[in-house]
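Every chain is numbered from 1, with letters handed out A, B, ... down the list of sequences.
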Amino acid sequence: MTSQRQPLHEWTIDPERAVALQKSLAPRIECQDRISNVEHIAGVDIGFEDRGETTRAVIVVMRWPSLEIVERVLHRTPTRMPYIPGLLSFRELPAALEAFEQLTVTPDLLMVDGMGIAHPRRLGIAAHLGLWLDIPAIGVGKSRLCGQHDEVPEARGSWVPLTHRNETIGGVLRTRERVKPLYISTGHRLSLESSIEWVMQCLTRYKLPEPTRQADRLASRRTAETRRPEGDAAPGQESLSLE
DNA sequence: GCGACAG
DNA sequence: ATCTTGTCGC
């Protein structure tokens, strides 16, 4: 039986083709809740080292609602594309997908650093990843890519809509007082309201929700535990033990 | 034509 | 994102 599966997703590093791909995929993003029984939430983040030559993808899976870390994967691979505003997913998704393949547990919800549909063509990295994996996803950005919004009230938990071309594409959420707000947007299979609620539910004492914060820590600090001994320049993957 | 511009 | 020292504040 030759079950040749149709390629659900294509790939490219050509800017023009990437833009066309985004336009064709954006309509497939679901902005309504289609999620249930959340047992594991994953934080996804990408970092770089060697002046950007090496991409480091990190995924941290936490049990819900205890927020205890149950698994962490760190995957390193050569960087293949430069950073181009609006095409971030084409630079970082390959590494994230490879890291995802190494997980032993499949998360029920993803919190991805960057935008969901709060993107010029409505397909930020969180939406792209959520669609690719068909897993509910939320875009958790630390700054704005596009759209406009009023100032966000100082109270923790307050938020204002982020609009672009007469559409609400996300929400600017105050996760901590006196700290710059976060840009939350639907990634896939979740409404904006639910996305914000999930982020709030994962907050502790920091600006970032735990899944994102934990992934962020591991992705952006090349110290003893993430550093290769020496002489070993061959990129590869490695799973990190907890503890 | 002139800015703006996730990570 | 990453390169970098110290510093202000709870």
Quiz item: In whole Å, what is the span from the CD atom of E53(A) to the C1' atom of dA1(C)?
Solution: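 So the two atoms are 14 Å apart, to the nearest Å.
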
Exercise. Calculate the interatomic distance between R178(A) atom CZ and dC8(C) atom P; express it in whole Å.
Key: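 R178(A) atom CZ is separated from dC8(C) atom P by 17 Å.
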
Quiz item: Taking NZ, NE, NH1 and NH2 as the nitrogens, is one of them in R122(A) or E167(A) under 4.0 Å from a carboxylate oxygen of the other?
Solution: yes

Quiz prompt | Note: K142(A)-D113(A) ion pair, threshold 4.0 Å (strictly below) | solution = no

Practice problem: Could you tell me how the ring of H9(A) sits relative to the ring of H128(A): parallel (under 30°), tilted (30 to 60°) or perpendicular (over 60°)? | Solution: tilted

Quiz item: Is there a side-chain contact between N37(A) and D108(A), using heavy atoms and a 4.5 Å cut-off?
Solution: no

Quiz prompt | Closest contact, heavy atoms only, V152(A) versus S158(A) | solution = CG1-O, 3.5 Å

Quiz prompt | Minimal non-hydrogen separation, E10(A) against L21(A), with atom names | solution = O-CD2, 3.7 Å

Quiz item: With E98(A), which residues qualify under side chain to side chain donor-acceptor pair (under 3.5 Å), at least two apart?
Solution: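 Once residues adjacent in sequence are excluded, the partners of E98(A) under the side chain to side chain donor-acceptor pair (under 3.5 Å) criterion are H75(A), R80(A).
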
Exercise. Grab the stems for DNA chain B, please: at least three consecutive Watson-Crick or wobble pairs, both distances below 3.5 Å, written as range with range.
Key: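 None - DNA chain B has no stem of 3 or more consecutive pairs.
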
Exercise. Report, as a single string ordered 5' to 3', how protein heavy atoms within less than 4.0 Å touch nucleotides 2-7 of chain B: B base, S sugar-phosphate only, - not at all.
Key: --SBBB

Quiz item: CG/L182(A) to CG/L203(A) distance, rounded to the nearest 0.5 angstrom?
Solution: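 Taking CG in L182(A) and CG in L203(A), the distance rounds to 8.0 Å.
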
